[in-house]
Amino acid sequence: MQTPGNNSAASWPLYRALVGVGMVCGLLIVSVFVLTGPVIARNEAAALQEAVFQVLPGAVARQSFTLGEQNSFRPARADDPPQQMVHAGYDAAGSLVGVAIPAQGMGYQDTIRVLYGYDPARQLIVGMQVLASKETPGLGDKIEKDPTFIANFKALDVSLAEDGKALRHAITAVKSGSKVSPWEIDGITGATISSKAIARILEQSSQQWLPLIYAQLAVLNAGSGGIDG
Amino acid sequence: MAEQQPISSTDDFIKGLWRENPVFVQVLGMCPVLAVTNSGVNALAMGLATTFVLVLSNALVSMLRNFIPKQVRIATYILIIATFVTVVDYLIQAVSLDIHRALGAFISLIVVNCLILGRAEAFASKHTVGRALLDGLGMGLGFTFALLCLGGVREILGSGSLFGLSLFAAGFQPWIVMILPSGGFFTLGLWLLLFNRLKAQRQQRLDGQLAPQEASS
């Protein structure tokens, strides 16, 4: 029978190896995280900036807002959750071009994340970009590339109803080529689920955000003072 | 079979490229081979990321080979490999968010690529750091080469381009199946066929050379 002392002597090399390697590995990961952290944050900010300007044609500066108390907009701070932020875009003269809004929802395979541009003056969606999706290559991923599909979002009607609390017409995806009304999205043949998913994501997000944005345009308009292009 | 030849440091490096190619000969690491080779760029990025992890984990495992008791060796190797995978994950994010997006979950899955654990167990834990480095580099580049073979064919046929450059006239109808998972299996099958045929021919030639010598002696 082994004594406890023998046991601990035999297991000492095991502890030494596991703890030692664990510490070296932990140190390595932390160093790399600290070194690459700022670069990654800069890359993400640049990607967001580019996407905002992409969905808001004419915008050259941006200011992010988030919802504060009682659903009123306030300028976003760095630690606010990104999904709760909207990004107001301004032209060279400093006037509001539109608001870029992030949205997400379930696609065919996985969550699709998009960013779309809302022009409150004309009450239109003026641009849409897919930020992340894992849709089927060659079929579902046409929501990112197909020029006819992208063209749906150059002027998609999202005008609000009289009471200003909801959209007048729900955004709906229709069969490819059968779009008649400005609030309909021409779907993609072979990617019905993915194009319907985009319509649903935009519908849900705009029902939530647009009434808030439209009611508080003054706050967003004033945001241009604090930033430079 | 291969061990009968005199072992040189160049052989540690060369064997991974061709004779013991991880994909075409050992058929290891099939998950990334099939999943991320739908374009040339993805294949290259995945191959280089795997090479990076393979070289560094081989080096560290070899360095610590007398320090790690054999009862906990697998756990330690996995820890080391997972560390370098995390490192490469951050590095790719720092270099390009687009590539990181395209490779998605498969970067984290380098941890379970049996090629890397296989080399740690079969080679690095028994040889010096220098040889382990060469072995890792050779195997990694062989893996990258194989991924490029698949990625190139699949991108050319499936999207009509190579590394994003369009190759065909506008009338070309891409074979979408090639960038779907089934296309990965087709392409891998054809490459394996080709490689085994080349190998069989070489063997035949060797046998042919050998036979007369035996007769004369």
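What's counted below: heavy atoms across the whole structure, side chains too, no hydrogens, waters or symmetry copies. Below, chain A is the first sequence line, B the second, and so on; all start at residue 1.
For residues 192-199 of chain A, heavy-atom neighbours of chain B at less than 4.5 Å comprise no residues at all. Contacts from residues 24-33 of chain A to chain B, taken as heavy-atom pairs separated by less than 4.5 Å, involve A/Cys25, A/Leu28, A/Ile29, A/Val32, A/Phe33 in sequence order.
For chain A, the nearby part of B/Leu64 is the side chain; its heavy atoms alone come within less than 4.5 Å. Neither the backbone nor the side chain of A/Arg42 comes within less than 4.5 Å of any heavy atom in chain B.
Nearest heavy atom pair, residue B/Leu97 against residue A/Ala47, reads CD1-CB, 4.2 Å. Heavy-atom minimum distance, B/Gln93 versus A/Ile40: OE1-CG2, 3.4 Å. B/Pro69 approaches A/Ala17 most closely through the heavy-atom pair CD-CB, 3.4 Å.
Rounded to the nearest 0.5 Å, atoms NZ (B/Lys70) and CG (A/Leu14) are 10.0 Å apart.
Atom CZ of B/Phe195 is surrounded by more than 12 heavy atoms from other residues, nucleotides or ligands within 6.0 Å. Counting heavy atoms of neighbouring residues, nucleotides and ligands inside a 6.0 Å radius, atom CH2 of A/Trp209 exceeds 12 of them. Counted within 6.0 Å of CZ on B/Phe163, heavy atoms from surrounding residues, nucleotides or ligands total more than 12; the atom is thus considered enclosed. Surrounding OH of A/Tyr108 are at most 12 heavy atoms belonging to other residues, nucleotides or ligands under 6.0 Å away.
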